[in-house]
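Throughout, residue positions are numbered sequentially from 1 according to the sequence presented.
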Amino acid sequence: MVFVDGVRTPFGKAGSKGQYAQTRADDMVVKVIRELLRRHPELPAERIDEVAIAATTQIGDQGLTIGRTAALLAGLPKSVPGFAIDRMCAGAMTAVTTVSSGIAFGAYDVVIAGGVEHMGNHPMGEGADPNPRFVSDKIVDPSALVMGSTAENLHDRYPSLTKERTDAYAALSQQRYEEAQKAGKISPDLVPVSTRSDEGWGLATTDEPPRPGTTVETLAGLKTPFRPHGRVTPGNAAGLNDGATGALLADAETAEELGLPIGMRLVGYSFAGVEPEVMGVGPVPATEKALKRAGLTIDDIGLFEINEAFAVQVLAFLEHFGIADDDPRVNPWGGAIACGHPLASSGVRLMTQLSRHFEEHPEVRYGITTMCIGIGMGGTVIWENPNYNAGGEQ
């Protein structure tokens with residue numbers, strides 16, 4: 001299976017003042033589907049075999065089997081089916097791995113996969129009814145259902161991961177994003193979205209969450225909402241965001257037949273479960289599992305796109321594998337702490353950026369996209385660079 005291309009909407013801040021406050025979630029998905037087809041006129045729409053769209057909160061404008069409804073709204077032929085998928089933060093990642101398995105099996109040739117989350121319309125957990133036995137039977141710690149609390153638990157478990165280190169990492173994420181944006185690295189992946197507000201119509205062309213000029217000093221005094229005198233703050237965690245992503249995936253032979261570009265090749269993937277109360281450590285066993293199955297080691301990986309739900313979760317991964325906090329191979333353009341994390345959509349943002357990094361780094365053969373997942377999981381996908389030059393140095 002090959003990753004052809006990926007796009008996303010600019011990410012917005014959730015809430016009544018955010019740029020997508022009066023924009024529907026399904027309309028954001030429509031934008032990314034149409035943009036993928038616009039960028040690839042060599043692909044006849046009727047050749048798309050499936051549309052898989054993830055959402056964590058599948059109600060309202062994110063409900064009604066959004067993969068199918070968004071496909072219809074985007075003007076795809078009615079013969080193109082679609083479905084919805086949910087694995088919380090790893091929704092889009094799971095959409096990609098699920099349809100990739102279908103491609104490998106021969107069930108599909110070309111697929112669109114992605115995710116959306118309008119956290120302004122649908123806060124995480126809206127309408128959910130967790131079984132009381134989770135707590136009464138002590139199946140999980142009560143903190144397991146509050147993501148910020150799970151990040152505090154991770155600090156408890158790994159005392160070496162101090163607030164000073166997480167703030168330093170968060171400031172670096174903002175800095176790298178700012179540098180990438182100024183260098184014109186971010187905007188090529190974005191599809192403009194027409195927006196509406198009480199003031200009238202507008203156009204979303206840039207990410208709303210980044211805070212240019214963020215320093216360790218400005219982060220140090222922020223409140224710790226999940227625990228008195230805690231370590232997790234709005235500055236060293238991703239915010240509440242709105243946005244959508246989409247990717248075009250294909251069988252390698254079909255890509256060649258249609259003249260579709262190849263951004264990267266899928267090597268393997270794994271998901272792993274961990275204790276829900278420390279869900280942020282999930283990428284560690286998921287990556288170990290994926291590497292083992294692929295016959296690779298962490299030393300074979302030359303680029304990392306790690307979702308920054310919380311800085312502490314990224315640092316737990318880096319420390320486990322002996323990677324420096326500021327390693328330039330990790331999130332070269334910054335991450336979710338800067339640009340935002342609209343839950344189910346983020347996996348494809350990681351993939352799209354990794355494919356761009358591969359273009360710039362032919363000396364790197366393998367890269368990974370990895371993320372922690374609510375309720376105690378992690379997911380990792382290993383990719384191969386089609387531009388790899390074996391004569392180069394990694």
Any donor-acceptor N/O pair, Asp242 side chain to Met119 backbone, under 3.5 Å: yes

- request: Verify, without hydrogens or angle tests, whether Ser149 (side chain) and Ser143 (backbone) share a donor-acceptor contact under 3.5 angstrom.
  value: no

Ala336 and Asn307 have their tightest heavy-atom pair at CB-OD1, 3.6 Å

- Task: Please confirm whether the backbone N or O of Arg356 pairs with a side-chain atom of Glu359, one donor and one acceptor, at under 3.5 Å?
- Result: no

| task | Using a cut-off of 6.0 Å, state whether more than 12 heavy atoms not belonging to Leu240 lie near its atom CG. | result | no

Item to check | Full working for side chain to side chain contact (heavy atoms under 4.5 Å, CB included) between Thr287 and Ile368 | outcome: CA-CA 8 Å; Thr287 299; Ile368 66 170; 4.1 Å; yes

message: Under a 4.0 Å threshold between the charged nitrogen and the carboxylate oxygen, would Asp156 count as salt-bridged to Arg231?
response: yes

Self-check item: Side-chain donor-acceptor contact under 3.5 Å, Glu117 with Gln62
Solution: yes

| request: Carefully, step by step, assess Glu257 and Arg47 under the rule salt bridge (charged side-chain N to carboxylate O under 4.0 Å, His left out). | output: CA-CA 12 Å; Glu257 172 204 338; Arg47 291 295 300 272; 3.1 Å; yes

In short, Val232 meets Phe310 closest at the heavy-atom pair CG1-CD2, 3.8 Å

Heavy-atom nearest pair, Val274 first then Pro285, reads CG1-CG, 3.6 Å

Report task. Considering only NZ, NE, NH1 and NH2 on the basic side and carboxylate oxygens on the acidic side, decide whether Lys17 and Asp198 come within less than 4.0 Å. Result -> no

message: Can you confirm whether Arg68 sits close enough to Phe83 that some side-chain heavy atom of one is under 4.5 Å from a side-chain heavy atom of the other?
response: no

From the list Gln175, Gln174, Gln181, Lys182, side chain to side chain donor-acceptor pair (under 3.5 Å) partner of Glu178 resolves to Lys182

**Asked** Do Arg265 and Met1 come close enough that some side-chain heavy atom pair is under 4.5 Å?
**Response** no

Q.
Under a 3.5 Å cutoff, is there a donor and acceptor pairing between the side chains of His122 and Gln58?
A. no

Using side-chain heavy atoms (C-beta onward) and a distance below 4.5 Å, is Asp325 in contact with Leu315? yes

Worksheet item: Mind checking whether Pro10 and Tyr20 have side chains closer than 4.5 Å, heavy atoms only?
Response: yes

Notebook entry, point to check: Do Leu190 and Val7 come within less than 4.5 Å of each other through their side chains, counting heavy atoms only?
Noted result: no

For Gly115 and Ala92, the nearest pair of non-hydrogen atoms, with its separation, is N-CB, 3.9 Å

Between Thr56 and Cys89, the two heavy atoms sitting closest are OG1-N, 4.3 Å

Notebook entry, point to check: If you count the non-hydrogen atoms of other residues, nucleotides and ligands that lie under 6.0 Å from CZ in Phe134, is the total more than 12?
Noted result: no

Check your understanding: Would Glu308 and Tyr169 satisfy side chain to side chain donor-acceptor pair (under 3.5 Å), going step by step from the backbone distance to the final call?
Key -> CA-CA 10 Å; Glu308 297 172 354; Tyr169 181 86; 2.7 Å; yes

Side chains of Thr369 and Trp383: is there a donor and an acceptor less than 3.5 Å apart? yes

For Gln19, is there any backbone N or O sitting under 3.5 Å from a side-chain donor or acceptor partner on Glu208? yes

>> If we ignore hydrogens and angles and just use 3.5 Å, is the side chain of Asp141 paired with the main-chain N or O of Glu277 as donor and acceptor?
In response: no

So does Ala250 get a backbone contact from the side chain of Thr254, meaning a donor-acceptor N/O pair under 3.5 Å? no

Q | Ile33-Ile66 co-clustered via ILVMFWY side chain contacts under 4.5 Å | A | yes

**OP:** Verify side chain to side chain contact (heavy atoms under 4.5 Å, CB included) between Leu296 and Tyr366, making sure each step is shown before the conclusion.
**Re:** CA-CA 9 Å; Leu296 299 172; Tyr366 298 110; 3.8 Å; yes

Walk me through whether Leu343 and Met88 qualify under side chain to side chain contact (heavy atoms under 4.5 Å, CB included). CA-CA 7 Å; Leu343 303 182; Met88 297 195 77; over 6 Å; no

inquiry  = Under 4.0 Å between a side-chain nitrogen and a carboxylate oxygen: does that hold for Arg165 and Glu319?
reply    = yes

Does one side chain, of Thr380 or Thr370, offer a donor that lies under 3.5 Å from an acceptor on the other? yes

* Just wondering, more than 12 heavy atoms not from Arg211 lying within 6.0 Å of its CZ? -> yes

Lys/Arg N to Asp/Glu carboxylate O, Asp167 vs Lys163, below 4.0 Å
yes

- May I ask whether Phe358 and Met351 are part of the same hydrophobic cluster, defined by side-chain heavy atoms of I, L, V, M, F, W, Y residues being less than 4.5 angstrom apart, directly or through others? yes

* Met93 versus Met371: any side-chain heavy-atom pair under 4.5 Å? -> yes

Correct closest heavy-atom pair for Ala170 and Leu219 would be CB-CD1, 3.8 Å

Check your understanding: Below 4.0 angstrom, N of the basic side chain to O of the carboxylate: do Arg176 and Glu179 qualify?
Key -> no

Asn331 versus Tyr177, side-chain donor and acceptor atoms under 3.5 Å | no

Applying side chain to side chain contact (heavy atoms under 4.5 Å, CB included), run through Ile373 and Met279 and close with a yes or a no. CA-CA 6 Å; Ile373 309 166; Met279 66 95 196; 5.9 Å; no

Determine the interplanar angle of the Phe271 and Tyr269 rings, folded into 0 to 90°, and report it as parallel if under 30°, tilted if 30 to 60°, perpendicular if over 60°.
perpendicular

Common cluster, Leu260/Leu249, ILVMFWY with side-chain heavy-atom separation under 4.5 Å: no

Joint cluster assignment, Leu43 & Ile112, ILVMFWY side-chain distance < 4.5 Å:
yes

Next on the checklist: I'd like to check Gln313 versus Ile306 (side-chain heavy atoms, cut-off strictly below 4.5 Å). Are they in contact?
Outcome noted: yes

Taken to the nearest 0.5 Å, the spacing of Ser101 OG from Tyr108 OH works out to 10.0 Å

| said: Please determine whether residues Ile59 and Leu64 belong to a single hydrophobic cluster, defined as Ile, Leu, Val, Met, Phe, Trp and Tyr linked transitively by side-chain heavy-atom distances below 4.5 Å. | reply: no

Side-chain donor or acceptor of Glu384 paired with backbone N/O of Val267 under 3.5 Å:
no

Worksheet item: Can you find a side-chain donor-acceptor pair between His118 and Asp61 that sits under 3.5 Å?
Response: no

Under 3.5 Å, is there a donor-acceptor pair between the side chain of Thr233 and the main chain of Asn236? yes

Check the side chains of Asn387 and Glu360 for a donor-acceptor pair under 3.5 angstrom, ignoring hydrogens and angles. no

Next item on the list: Taking Thr150 for its side chain and Val278 for its backbone only, find out whether a donor-acceptor pair lies under 3.5 Å.
Entry: no

With a cut-off of under 6.0 Å to the ring centre and 45° to the axis, is Arg8 in cation-pi contact with Phe11?
-> yes

Take Glu305 and His357 through the side chain to side chain donor-acceptor pair (under 3.5 Å) test and state the conclusion after the steps.
-> CA-CA 10 Å; Glu305 275 291 331; His357 301 329; 2.7 Å; yes

Would you mind reporting whether Thr245 and Ser346 have side-chain heavy atoms less than 4.5 Å apart? no

Practice task
Mind running side chain to side chain donor-acceptor pair (under 3.5 Å) on His40 and Asp5 for me, showing each step along the way?
Solution key: CA-CA 9 Å; His40 298 283; Asp5 199 3; 2.8 Å; yes

| message | Whether the side chain of Asp251 engages the backbone of Glu253 through a donor-acceptor N/O pair (distance < 3.5 Å, no angle test) should be reported. | response | yes

